[in-house]
Amino acid sequence: MPEAGQTSQSQNAARKLRVVMAQLDFLVGDIPGNTDLILEATQRAWTEHQADIVVFPELCLTGYPPEDLLLRPSLDLRVREALEKLQSAALPPAMVIGAPIRSGGLLYNAALVIEAGQIRGRYFKRFPPNYQVFDEKRYFAEGSDTLVLDIKGQPVGITVCEDLWKDGPLEDAAAAGARLILNLNASPYDIDKQARRKALLERKSRENRVSIVYVNLVGGQDELVFDGGSMVYDHSGGLSAEVPQFEEGLYPVDFLCEHHCQPISRSLPPEPQLEANVYSALVTGVRDYVNKNGFKSVVLGLSGGIDSAVTLAVAVDALGKERVRAVMMPFRYTSSISLEDAEAEATALGVQYDVFSIEPMYDAFMAALAEPFAGTKPDTTEENLQARLRGVLLMSLSNKFGSLVLTTGNKSEMAVGYSTLYGDMAGGFDVLKDVPKTLVFRLARYRNTLSPVIPERVITRPPSAELAPDQKDEDSLPGYDVLDKILNLYVERDYSADAIVAEGFERADVDRVVRLVDINEYKRRQAPIGVRITERGFGKDRRYPITNGWKSGK
């Protein structure tokens, strides 16, 4: 190994290659806009970084996932026009982009290499995934070929996303002589995803003696959040470069290519803590959903509880205080503590804050219902009416001012149905939909490390919907520490009730929780979408029939 500042004979003979990872946010369906973004990024990669190759994410031309837009009759024409525009620009770097390409009457998830105004190579994804949130086999045929192309004098292999996770495509490219693999991705975020990616890339690069450039999409698309986290691994399995998650940008990496294409330097960001990582995912998901759908602002009900407090903080961090409105809607059961804490949260974050009592509306409804309700006792009907009145107020503000209503239910509540249809579920986007209650508490403490915006007693006092006197969530549910563990086993890991009991949980708690999850599928079907942060969110991940006779004991 030569000393610093010295150059060996083999290094004199080696060639330098600069690859720029274009970790960018593309809008699904906006093929002209995405084409312009690709051209602008390639031009910048050349003028600012003198790039030899610019690598973009999977299906960047259409955005990901395009879903049934891929079935539109005009798709092929729009893609063809976009590719002609990219070729006619004839920019100096080689562009490696993702696009849907039709060949032989079949549609493929493809990677294309465009250089010197020509499409020099096409690679068709060999393993379109069909699990969790992925549904690619609905649209794409399976490719079968390997692509190793001479780019700037180096043998470079191309693969797309899932092809890295399966054995075959990368191994075939390495066997065909590739020294460097470019892998295009649209890999959505979940809490443990980056660690799993790293373990895979380390093994694949080491076993095949190739360097791998892994470029991932960033940004929010409906319930999905793409975290970026683009990386480079050298041929010995070492992590040489990692791009910060959730940050757009162009990131250059230099390689010295002789017997191998070896990254020259190391660039690694600090490892983020889990709470910071999840919080960034929520902020990204809210920002892109609101902005990409053209909403001017958001409005939410601020109750003085922890869920709405965290939702408010995320909204302000995503959009700025000027675009966020918080509304407190007290009733006779609302405590003075809740009123004080809600006002303190709104003041700390500087948002518009209104207080509208639902008492007069409630009294009017109860008067109208007095005759049919005569002789009955108060029950959840009266509690749900309170929630529904609040939903009507928020939706009215939404209609009048063009604001998106953010709902505040967490995953634990969504799982067991502790929410009211057309009440606290009324809205367009649920920020905490995939966040268990125990993690909500951790996110509140994390957010307060950035600036104190959530009063301590909001975090420490027992959670309550305040729909009845002295009501607490744990009056009718196991404690959240227990509840979230049961839900994790049943919802995310598919344990049966018997298997959960065998893990040490009380039979009565397990049976109650499992039954609540099963009977509340109809509510979840009507819930707004929200940011997915786990491997099994209530959305595309988990598709259970509402009407069914399945027994969950075994």
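The figures here come from the full heavy-atom set of this structure, side chains too, leaving out hydrogens, waters and symmetry mates.
- Considering only heavy atoms from C-beta on, Leu432 stays 4.5 Å or farther from Thr408 through its side chain.
- Of the possible donor and acceptor atoms, none in the side chain of Glu58 sits under 3.5 Å from a partner among the backbone N and O of Val160.
- Every ring-ring contact (aromatic ring centres under 6.0 Å, His included) that Tyr279 has, sequence neighbours left out, goes to Tyr446.
- At least one side-chain heavy atom of Ile53 sits under 4.5 Å from a side-chain heavy atom of Leu182.
- Salt-bridge check for Glu521 with Arg524: passed, with a basic side-chain N closer than 4.0 Å to an acidic carboxylate O.
- Using a 4.5 Å cut-off on side-chain heavy atoms (C-beta onward), Ile31 and Val79 make contact.
- By the 4.0 Å N-to-carboxylate-O rule, Arg542 lies too far from Glu492 to be salt-bridged with it.
- Between Lys125 and Glu142 no salt bridge is recorded (no basic side-chain N to carboxylate O distance below 4.0 Å).
- By the 4.5 Å heavy-atom criterion applied to side chains, Leu201 and Met231 are counted as neighbours.
- Using a cut-off of 4.0 Å between Lys/Arg side-chain N and Asp/Glu carboxylate O, Asp36 and Lys85 are scored as salt-bridged.
- Residue Arg72 places its CZ atom among 12 or fewer non-hydrogen atoms of other residues, nucleotides or ligands, all under 6.0 Å distant.
- In this structure, the side chain to side chain donor-acceptor pair (under 3.5 Å) partners of Ser187, at least two apart in sequence or on a different chain, are Lys193, Arg197.
- Residues Tyr233 and Tyr214 place their aromatic rings such that the two centres sit no closer than 6.0 Å.
- Within the 4.5 Å cutoff, no side-chain heavy atoms of Phe124 are placed close to those of Asp145.
- Within 6.0 Å of NZ on Lys321 lie no more than 12 heavy atoms contributed by other residues, nucleotides or ligands.
- A salt bridge is defined here as a Lys NZ or Arg NE, NH1 or NH2 lying under 4.0 Å from an Asp or Glu carboxylate O, and Asp190 with Arg196 meets this definition.
- The side chain to side chain donor-acceptor pair (under 3.5 Å) search around Lys296 returns none, not counting sequence neighbours.
- Between Arg447 and Asp317 there is a salt bridge, since at least one side-chain N of the basic residue sits less than 4.0 Å from a carboxylate O of the acidic one.
- Ionic pairing of Arg18 and Asp254 is present here: one or more N-O contacts between side-chain nitrogen and carboxylate oxygen are shorter than 4.0 angstrom.
- A salt bridge is defined here as a Lys NZ or Arg NE, NH1 or NH2 lying under 4.0 Å from an Asp or Glu carboxylate O, and Lys540 with Asp222 fails to meet this definition.
- Ring orientation note: the planes of Phe226 and Tyr64 are nearly perpendicular, at an angle over 60° on the 30°/60° scale.
- The distance between the ring centers of Tyr289 and Phe429 falls below 6.0 angstrom.
- Judged by distance alone, the side chain of Asn109 and the main-chain N or O of Ala99 form no donor-acceptor pair under 3.5 Å.
- For the pair Asp494 and Arg536, the salt-bridge criterion is met [side-chain N within less than 4.0 Å of a carboxylate O].
- For the pair Arg102 and Tyr108, the NZ or CZ position fails the cation-pi test of under 6.0 Å to the six-membered ring centre and within 45 degrees of the ring normal.
- Using a distance-only test at 3.5 Å, with no hydrogens or angles considered, a donor-acceptor pair links the side chain of Asp163 to the main chain of Phe127.
- Remark: Arg78 CZ is loosely packed, at most 12 non-hydrogen atoms of other residues, nucleotides or ligands lying under 6.0 Å away.
- Looking at Val96 and Val156, their side chains never come closer than 4.5 Å, going by heavy atoms from C-beta outward.
- One finds a salt bridge joining Arg442 and Glu275 here, because a Lys/Arg side-chain nitrogen approaches an Asp/Glu carboxylate oxygen to under 4.0 Å.
- The residues Glu242 and Lys198 are annotated as salt-bridged, a charged nitrogen and a carboxylate oxygen being separated by less than 4.0 angstrom.
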Tell me, with the steps shown, if Asn216 and Gln23 meet side-chain hydrogen bond (donor to acceptor under 3.5 Å, both in side chains).
CA-CA 6 Å; Asn216 193 26; Gln23 180 170 291; over 6 Å; no

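- A salt bridge is absent between Lys166 and Glu171: the closest approach of a Lys/Arg side-chain nitrogen to an acidic carboxylate oxygen does not fall below 4.0 angstrom.
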